[in-house]
Protein chains: 2
Amino acid sequence: MIFYLELKDEMIKMNHAVDHPRERILQAGIHLFSRRGFAATGVRELAEYAGVNLAMINYYYGSKIGVLKAIVDTFFTEYSRTVLENVAGEGPLETRIENLVRAVTRYLLANSGMMKIAVAEMPLDIPEVFEYKAQHFRQLKKLAGEHIVPLIEKSIGKKQPAEMIGPVLGGMLMGHFLFRPVIMAIGEVTLDAVFYEQYIRLVSHMLLYGLGKAGPGGRSITAGD
Amino acid sequence: MIFYLELKDEMIKMNHAVDHPRERILQAGIHLFSRRGFAATGVRELAEYAGVNLAMINYYYGSKIGVLKAIVDTFFTEYSRTVLENVAGEGPLETRIENLVRAVTRYLLANSGMMKIAVAEMPLDIPEVFEYKAQHFRQLKKLAGEHIVPLIEKSIGKKQPAEMIGPVLGGMLMGHFLFRPVIMAIGEVTLDAVFYEQYIRLVSHMLLYGLGKAGPGGRSITAGD
DNA sequence: GTATGCTCAAAACGTACGTTTGATTTTTTA
DNA sequence: TAAAAAATCAAACGTACGTTTTGAGCATAC
């Protein structure tokens with residue numbers, strides 16, 4: 001369950017925030033926006049799914065877009081924190097990368113709805129929403145510039161803009177979850193814990209060593225380093 | 001300009017297919033759906049942007065969703081062909097990967113609107129549309145299984161499901177273009193030909209060698225192979 | 001020359017949209 | 001416990017939606 005301590009002081013006091021209409025609307029928004037799409041989801045549908053009165057949406061969030069902004073805000077905040085907590089530090093590169101991939105994958109697995117909304121469902125033609133997304137993106141770019149770009153430079157030995165590497169990495173990590181509903185529907189693979197453990201190791205390996213032959217142990221690069 | 005020879009025989013005969021209302025509607029759909037979103041775009045808005053009469057949309061495509069399906073169909077077909085034409089073959093891995101990244105990047109650069117629609121704007125709650133996407137995804141999965149997975153196995157030495165690698169690769173290549181409008185708005189980097197040449201080399205390198213130290217030349221892995 | 005296909009403007013179809021209102025109930029405060 | 005504040009409700013606001021129909025004008029094909 002997701003908490004939003006920064007939203008309203010009163011929510012901190014409450015011990016059943018999950019049952020609060022405000023939270024119910026948010027969860028309904030995540031569920032419906034990520035499936036039907038933001039524009040295709042009606043406020044009546046949203047209210048019914050949340051089990052609250054129609055007027056409560058505008059009462060708590062001001063507008064339908066207010067719900068969207070709350071979702072996007074939560075996602076980017078939590079995503080940034082997840083990346084930051086796992087990419088910083090001084091341990092060996094292999095450990096840090098695998099921890100990062102594991103943490104981000106687990107977060108996206110638990111919050112793929114929010115991710116889809118944040119990445120794909122934002123109506124960028126609304127200036128207010130666009131600026132909202134740009135603001136969060138600047139944060140992520142700063143994060144990439146401080147922690148990821150140095151790694152790239154060590155590898156390629158050339159300065160690379162943070163605008164390049166952030167989306168590439170993000171897309172790499174998010175790609176699976178954007179297609180997850182379709183992958184599940186095809187049904188030729190079971191998306192269980194075993195799958196994701198293998199997935200995390202695959203992505204970590206690709207991130208560290210790429211497709212190039214890395215030797216039988218899969219770690220020949222660092223072994224000879 | 002994009003041609004759709006598979007749509008209708010009559011289009012092949014025409015020498016000004018771009019001016020044809022059918023094509024104008026499709027281009028308008030790509031432009032508007034990718035910016036406002038599919039559900040948020042009205043058919044009157046679509047007709048006006050295309051410069052055709054409102055009734056022409058249903059006349060040619062049956063419904064608003066028909067326009068969407070035509071766009072998605074075109075994208076997946078062209079995307080698959082682009083990947084296939086550049087990943088197959090017997091040349092050195094480095095060359096094939098860089099050619100693949102270059103071709104896909106160029107295609108996505110020219111068709112980022114269609115990509116965004118195909119990846120993000122599909123109303124998956126409509127069974128008909130869902131099945132449409134699943135069908136195309138199966139194709140892509142088969143393609144990945146035949147041409148990409150063998151490369152992975154060479155590197156990691158372990159069988160990996162095609163469902164894993166496809167979306168990871170796709171996300172890696174598409175990530176930048178999903179965020180492109182925001183990147184452009186931030187405006188700290190110019191997305192010109194120079195940028196994309198550097199971008200292609202970065203992604204190719206990451207795909208081949210990852211973030212691991214690849215030596216001063218950036219090719220130490222294959223050099224010692 | 002008449003049939004067929006294409007394009008148009010305009011109108012109407014019923015439905016659904018996001019938001020607001022004002023009254024009513026519940027909770028908090030003093 | 002009485003007054004104030006917050007929360008919840010049903011109903012209505014005007015607008016926009018996707019689609020279909022009408023009837024006319026125009027070109028091309030048989």
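When reading the values below, keep in mind they use all heavy atoms of this one structure, side chains included, and skip hydrogens, waters and symmetry mates. Throughout, a chain's letter reflects where its sequence line sits, starting with A, and its residues are numbered from 1.
Counted by atom type alone, A:Y49 and A:H31 present one or more donor-acceptor pairs between their side chains at under 3.5 Å. Between the side chains of B:E153 and B:Q160, no donor-acceptor pair of N or O atoms lies under 3.5 Å.
A donor-acceptor pair is defined here as one N or O able to donate and one able to accept, closer than 3.5 Å; such a pair exists between the side chain of A:K64 and the backbone of A:F38.
Side chain of B:Y59, nearest nucleotide from C:dC6, C:dT21, C:dT19: C:dC6. The side chain of A:L54 approaches D:dA12 more closely than any other nucleotide in the set D:dA12, D:dA10, D:dT19. Which of C:dT21, D:dA12, D:dT19 sits closest to the side chain of B:R44 comes down to D:dT19. Between D:dT20, D:dC9, C:dT19, one nucleotide has an atom nearer to the side chain of A:S63 than all others, and that is C:dT19.
For the pair B:K64 NZ and C:dT15 C1', the interatomic distance rounds to 14 Å; values are reported in whole Å. Atom CD1 in A:I25 sits roughly 14 Å away from atom C1' in C:dG18 (whole-Å rounding). Distance OH (A:Y60) to C1' (D:dC9): 13 Å, rounded to an integer number of Å. Rounded to whole Å, atom C1' of C:dG22 lies 16 Å from atom CG of A:N58. In this entry the distance linking OH of B:Y61 with C1' of C:dC6 reads 15 Å, nearest Å. Atom pair B:M56:CE and C:dC8:P shows a separation of 6 Å (rounding to whole Å applied). B:H20 places its NE2 atom 13 Å from the C1' atom of D:dT28, with the value rounded to the nearest Å. In this structure, CD of B:E48 is placed 14 Å from P of D:dG18, rounded to the nearest angstrom.
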Would you check, one step at a time, whether the test side-chain hydrogen bond (donor to acceptor under 3.5 Å, both in side chains) holds for B:Q27 with B:E23?
CA-CA 6 Å; B:Q27 293 302 327; B:E23 180 63 21; 2.7 Å; yes
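Geometrically, A:R22 engages A:Y61 in a cation-pi contact defined by less than 6.0 Å to the ring centre and at most 45° from the axis.
Between A:A40 and A:G62, the residue whose closest nucleotide on DNA chain C is further toward the 5' end is A:A40. Summary of the strand contacts: B:V52 and A:V43 both lie near DNA chain C, and taking for each the nucleotide with the nearest heavy atom, the more 5' one is attributed to B:V52.
Phosphate proximity of D:dA7 to A:N53: absent, as no side-chain N or O sits under 4.0 Å from OP1 or OP2.
Nucleic acid contact for B:I57: none, since no nucleic acid atom lies under 4.0 Å from a heavy atom of the residue.
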